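First listed ligand is number 1; within each ligand, the first listed atom is number 1. Not measured: the values here are computed from a predicted model.
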Amino acid sequence: MAEVNAIMIPAHFNSIAKNPVFDVKRSGFGMPVIGPAVWCNRRRTKGRVGNGVKATMQVDLEDEERLKRLEGLEATLGLDVVAERELKEKGFWGMRKTKLVCTIGPACNAIEDLEKLALEGMNIARLNMCHNSREWHCDVIKKIKKLNLEKGFCISVMIDTEGSQIHVVDHGAPSSVKVEDGSIWLFTAEKFEGSRPFTVQATYEGFSEGIQVGDSIVIDGGMASFEVIEKIGNDLSCRCTDPGLFLPRAKCSFWRDGRLVVRNHESPTLSSKDWSDIEFGISEGVDFIALSFVNSADPVKHLKNYLLTKSAKSVRVLAKIESLESLQNLEEIIEASDGIMVARGDLGVEIPLEQIPAVQEEIISVCRELNKPVIIASQLLESMVEYPTPTRAEVADVSEAVRQYADALMLSGESAIGSYGQKALSVLQMASSRMELWSREENRKNFLPQHQLGVSLHDRIAEEICNSAAELANRLSVDAIFVLTNQGHMASLLSRNRPSPPIFALTDDDSTRMALNLQWGVFPLRIDLSEDIEANISRGIEVVKSKGLVKQGDSVLVVSEISPARAASMASQSIQLKTIV
Ligand SMILES: Nc1ncnc2c1ncn2[C@@H]1O[C@H](COP(=O)(O)OP(=O)(O)O)[C@@H](O)[C@H]1O
Ligand SMILES: C=C(OP(=O)(O)O)C(=O)O
Ligand SMILES: [K+]
Ligand SMILES: [Mg+2]
């Protein structure tokens, strides 16, 4: 054991110092804290972490090793190891542009399994707060941050709130249970210990409000259906009309005369549990919060304002589109959010299944117009929860989402509880790479329908510069696009055009780096940026070049913006073409 008195964080680590992993209280070194240590921060972190925060710690030899590795960390914060490998194997244009999200559950929460998913291309780990304990989620977040730090991955963390929904707490059996035609079941919100046969316990006390005899209860969008035959107090006695399966935590929807009974939930979009999960997410330094059952822009605005007051505006807020109402307020929700998830699971409970493909295409297209990243979620490879190969129909569905240029694809049960999570991820990987190649050749002419976003002259210039840059990059077949970006705006404007070359986004802001993980075709690199734009560009290219990833003769297109804040008074944007010498 060696005792360390001071840990100096060199100047170029100032973004790391902001990282909660390096919070003094949770030093990330997993050891007792005993001697004085000073965390030194420079210019930019001043006031964020606070200069000279005092703490004490002791390191053993293995940790000394780790400290040494930290010294070399800037290199790993360049391009992440998976993107680097892909670039080496497939060349610039062959890099997979569609991002992959994996839901983490009991089938993959061991660090070895998380690492395998990372190697297989997971860009974002999703934690569904409906399931499992706070400690369990905390442990997963720690493991992911450890992998990022020690193994050079760049995996962002997303928490997904529970939201207000009526689902089954208990249906009388530990796992799934078969529902026979004509069998009689009691739906109740009464809390009881243990299980009672033919009794379904609902989460929400007011679940039966406004429900009448003759209404139907549809389980998980059609896994089984019941008819309400009697109302006994707040309980519903029901007969099975469409036999099937009751899964744990199955969701219930109510129908009358072939239409969904629109229910005025007393409970708001964000329940008290959701707020406490959000607090948890902020304190753990997650990168994204996905809000379930968003029906209007209000809860999104509310949360974003709250994050501002908590100095946590770097946490990006995603809205899940999974209700009838959310479709009616689609544009305002997209506008208010930092990104969207097409949550087809619950959406398929609320609208007829045959409408989902058209709705998905519409949401993707509005997201692209408004320049917000969009994730396609649920049942992409559902059969792979049980089987090692997907169905042809599933592969066609995945490919269609890629062809529609969604930013990201998501696995749910396939990775959380399935036996073939890594395989499922590799199917997504291969299917997206293949379809990207195909649509690149097919859709060259199919440029973005021009919808002008910017209002101010400055914003319009940035937008036009990025549109032109993407077109130029395609026409000249440059190898790569480099963009200097602080909050990620210029990078996202480029991504919106879905150009053929990869977009290497150089940023000095760690939260921007993690947020850009969700954007189509963007490969974030964290480097220190100075006022000297030329030096920044050279540095970014140097990081990639030093690893042999760009070589002499490669051509790159560089897009940069000097914001008024950086260059005393004048804002200017530029496009440059460079040939590597
Ligand atoms: N953290 C977790 N712990 C235990 N099981 C989980 C966890 N996350 C997801 N699961 C399981 O994976 C399944 C699919 O995940 P997901 O689609 O996110 O949830 P849901 O089916 O509740 O909408 C869930 O039904 C649940 O059985
Ligand atoms: C992703 C979804 O949300 P959750 O898994 O939280 O129900 C969905 O409904 O498709
Ligand atoms: K959820
Ligand atoms: Mg849902």
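Asp160 contributes OD1 as its N, O or S atom closest to the K ion (ligand 3). Residue Asp346 approaches the Mg ion (ligand 4) most closely through its N/O/S atom OD2. The atom of Glu322 nearest to the Mg ion (ligand 4) is OE1, with the search restricted to N, O or S atoms.
Between the Ser365 side chain and the Ile363 main chain, no donor and acceptor come within less than 3.5 Å of each other. No side-chain donor-acceptor contact under 3.5 Å links Glu190 to the backbone of Thr188.
Between Asp509 and Ser511, the side chains place a donor N or O and an acceptor N or O closer than 3.5 Å (distance only, hydrogens not considered). A donor atom on one side chain and an acceptor atom on the other are found under 3.5 Å apart for Arg126 and Thr103.
Backbone or side-chain N, O or S atoms of Glu162 do not reach the K ion (ligand 3) at under 3.4 Å.
Every residue two or more places apart in sequence or in another chain was checked for a ring-ring contact (aromatic ring centres under 6.0 Å, His included) with Phe288, and none qualifies. Contacts of Trp136 classified as ring-ring contact (aromatic ring centres under 6.0 Å, His included), with partners at least two apart in sequence or in another chain: none. By the salt bridge (charged side-chain N to carboxylate O under 4.0 Å, His left out) test, Arg239 is found to be paired with no residue, residues two or more places apart in sequence or in another chain being considered.
If you put the vertex on the K ion (ligand 3), O of Thr161 and OD1 of Asn128 sit 110° apart, to the nearest 10°.
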Find all protein N or O atoms under 3.5 angstrom from an N or O atom of ligand 1 and list the pairs with distances, or write 'none'.
unit_1	atom_1	unit_2	atom_2	d
ligand 1	3 (N)	Asn132	ND2	2.8
ligand 1	18 (O)	Arg126	NH1	2.8
ligand 1	18 (O)	Arg126	NH2	3.4
ligand 1	18 (O)	Asn128	ND2	2.8
ligand 1	19 (O)	Asn128	ND2	3.1
ligand 1	19 (O)	His131	NE2	3.4
ligand 1	22 (O)	His131	NE2	2.8
ligand 1	23 (O)	Lys251	NZ	3.1

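Side-chain contact between Lys142 and Leu147: absent, with no pair of heavy atoms (C-beta onward) separated by less than 4.5 Å.
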